[in-house]
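Following: one structure in structure tokens, then a few remarks.
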Amino acid sequence: MQGSIGQIAALTIYGNDLLTGELREGFWPDSSVFTFCKSVEFAEVPSSDRTERGALDAQNPPAWIEHAKAEGVRHLRLHYRHSSKGEAEDRMMTGFVGGGGEWQIEALRERDSDCWQSAWRVQNANDPNKKIWAVTYFRTISHGPHIGGTDEALDALTNQFEAILIRIADLARRNSLDWAEKSFLTARMLLHSDSPLMKGYYSDGFNSPRLSLAAKRLLGAAQSAWVFGGMGSWNDTAVDGQDSAEYDELSKTLFDVLTRAIVAATNASTADSH
């Protein structure tokens, strides 16, 4: 799973914990979702150019949640949508900064919402602690209407997830893609695990006491099954012959299920889901 996705999902979960009075120690700046980040700030958008920061709202995630709470925000929701280039292009571009579709946090008040999207830039490629990234979450919408939408049932998503994992693991085995087969088999195991967040680099960011076991299973499995990226990833894999069409079909389905699973599991942390 790309760091930007892990971070925005973890921020949503963490924010919902704090908004409802749940204490979370050790999240900022120690969580794995911030390992390579020098700063994570929250700012207004001064123009259509999101690389130029506007007025600063908060210098770090805890301060942002306090600011949001003071503005009447009740809970946060994660949203994903494909870019204008389409689903296939998003899957292939997900390993690049800014590619892979649009992820955003909706901060909901009683009658309206704000939306926040992240921009990642390299601040110092030679940082001795490898904290090369400066991340800014921009408030792209202020006091807009609620986005709406119905949350997907976690049990149904789990069944869909397992079904695609069975098929794509078999495809990986037939093509001697051992590393991918292992990732898919591990993901399937995590869908049934009582400790699904024991594995996965970003699991500490998802480990909220408010999340159900079903939600944690989806997040744990999503980390293992997320094989999309740049060079050396599933996107960089050549599958020829009769398996080529199946590779395209299963890759598309897996990417769709993964994004939906991350969104639904993350949003299980919202105040109105308990």
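In this structure, Ile8 and Trp116 have side chains that are not in contact, with every pair of non-hydrogen atoms separated by 4.5 Å or more. Contact annotation: the side chain of Leu254 approaches that of Phe228 to within less than 4.5 Å [non-hydrogen atoms, C-beta and beyond]. By the 4.5 Å heavy-atom criterion applied to side chains, Leu18 and Lys69 are not counted as neighbours. Residues Phe36 and Asp127 fail the side-chain proximity criterion, which asks for heavy atoms closer than 4.5 Å. Side-chain contact between Arg174 and Gln242: absent, with no pair of heavy atoms (C-beta onward) separated by less than 4.5 Å. Considering only heavy atoms from C-beta on, Lys131 stays 4.5 Å or farther from Gln123 through its side chain. Taking the side chain as every heavy atom from C-beta outward, Val122 and Trp133 approach each other to under 4.5 Å.
In this structure Asp57 satisfies the salt bridge (Lys or Arg N to Asp or Glu O under 4.0 Å) test together with Arg139, sequence neighbours excluded. With sequence neighbours excluded, no residue satisfies side-chain contact (heavy atoms from CB on, under 4.5 Å) with Ala163. Among residues two or more places apart in sequence or in another chain, the side chain to side chain donor-acceptor pair (under 3.5 Å) test is passed with Glu249 by Arg167. Under the rule for a side chain to side chain donor-acceptor pair (under 3.5 Å), the partners of Trp226 that lie at least two apart in sequence or sit in another chain are Gln2. Glu162 is linked by a side-chain contact (heavy atoms from CB on, under 4.5 Å) to Ile166, Arg188, Leu191, His192, counting only residues two or more places apart in sequence or in another chain. Shown here are the side-chain contact (heavy atoms from CB on, under 4.5 Å) partners of Asp194, two or more places apart in sequence or in another chain: Leu213, Arg217. The side chain to side chain donor-acceptor pair (under 3.5 Å) search around Arg81 returns Glu102, not counting sequence neighbours. For Gln7, the side chain to side chain donor-acceptor pair (under 3.5 Å) criterion is met by Tyr137, not counting sequence neighbours. Scanning for salt bridge (Lys or Arg N to Asp or Glu O under 4.0 Å) contacts around Glu152 gives Arg260, with sequence neighbours left out. Under the rule for a side-chain contact (heavy atoms from CB on, under 4.5 Å), the partners of Ala10 that lie at least two apart in sequence or sit in another chain are Phe27, Val33, Phe206.
One hydrophobic cluster, built from ILVMFWY side chains closer than 4.5 Å, cannot hold both Tyr80 and Leu108; they sit in different ones. Under a hydrophobic-cluster definition in which Ile, Leu, Val, Met, Phe, Trp and Tyr are linked whenever side-chain heavy atoms come within less than 4.5 Å, directly or via other members, Ile164 and Leu190 are assigned to different clusters.
In this structure, Ile147 stands alone, with no Ile, Leu, Val, Met, Phe, Trp or Tyr side-chain heavy atom under 4.5 Å from its own, directly or through other members.
For the pair Arg77 (side chain) and Glu106 (backbone), a donor-acceptor distance under 3.5 Å is absent. Lys130 places no side-chain N or O within donor-acceptor distance of the main-chain N or O of Thr35, the cut-off being under 3.5 Å. Of the possible donor and acceptor atoms, one in the side chain of Ser32 sits under 3.5 Å from a partner among the backbone N and O of Tyr201. Side-chain atoms of Thr140 come within 3.5 Å of backbone atoms of Cys115 as a donor-acceptor pair (strictly under, hydrogens ignored). Looking only at distances, a side-chain donor or acceptor of Asn267 sits under 3.5 Å from a matching main-chain atom of Leu78.
Other residues, nucleotides and ligands contribute at most 12 non-hydrogen atoms within 6.0 Å of the NZ atom of Lys38.
For the residue pair Asn16/Thr270, the side-chain donor-acceptor check at 3.5 Å is not satisfied.
Rounded to the nearest 0.5 Å, atoms CG (Asp248) and OG1 (Thr253) are 10.5 Å apart. Expressed to the nearest 0.5 Å, how far OG of Ser224 lies from CG of Leu219 amounts to 13.0 Å.
Between Trp28 and Phe34, the ring planes lie perpendicular to each other; the angle is over 60°, past the 30° to 60° tilted range.
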For residues 179-187, please give each side-chain donor-acceptor pair under 3.5 Å, one per line with the distance, not counting sequence neighbours.
residue	atom	partner	partner atom	Å
Ser183	OG	Trp179	O	3.1
Thr186	OG1	Lys182	O	2.8

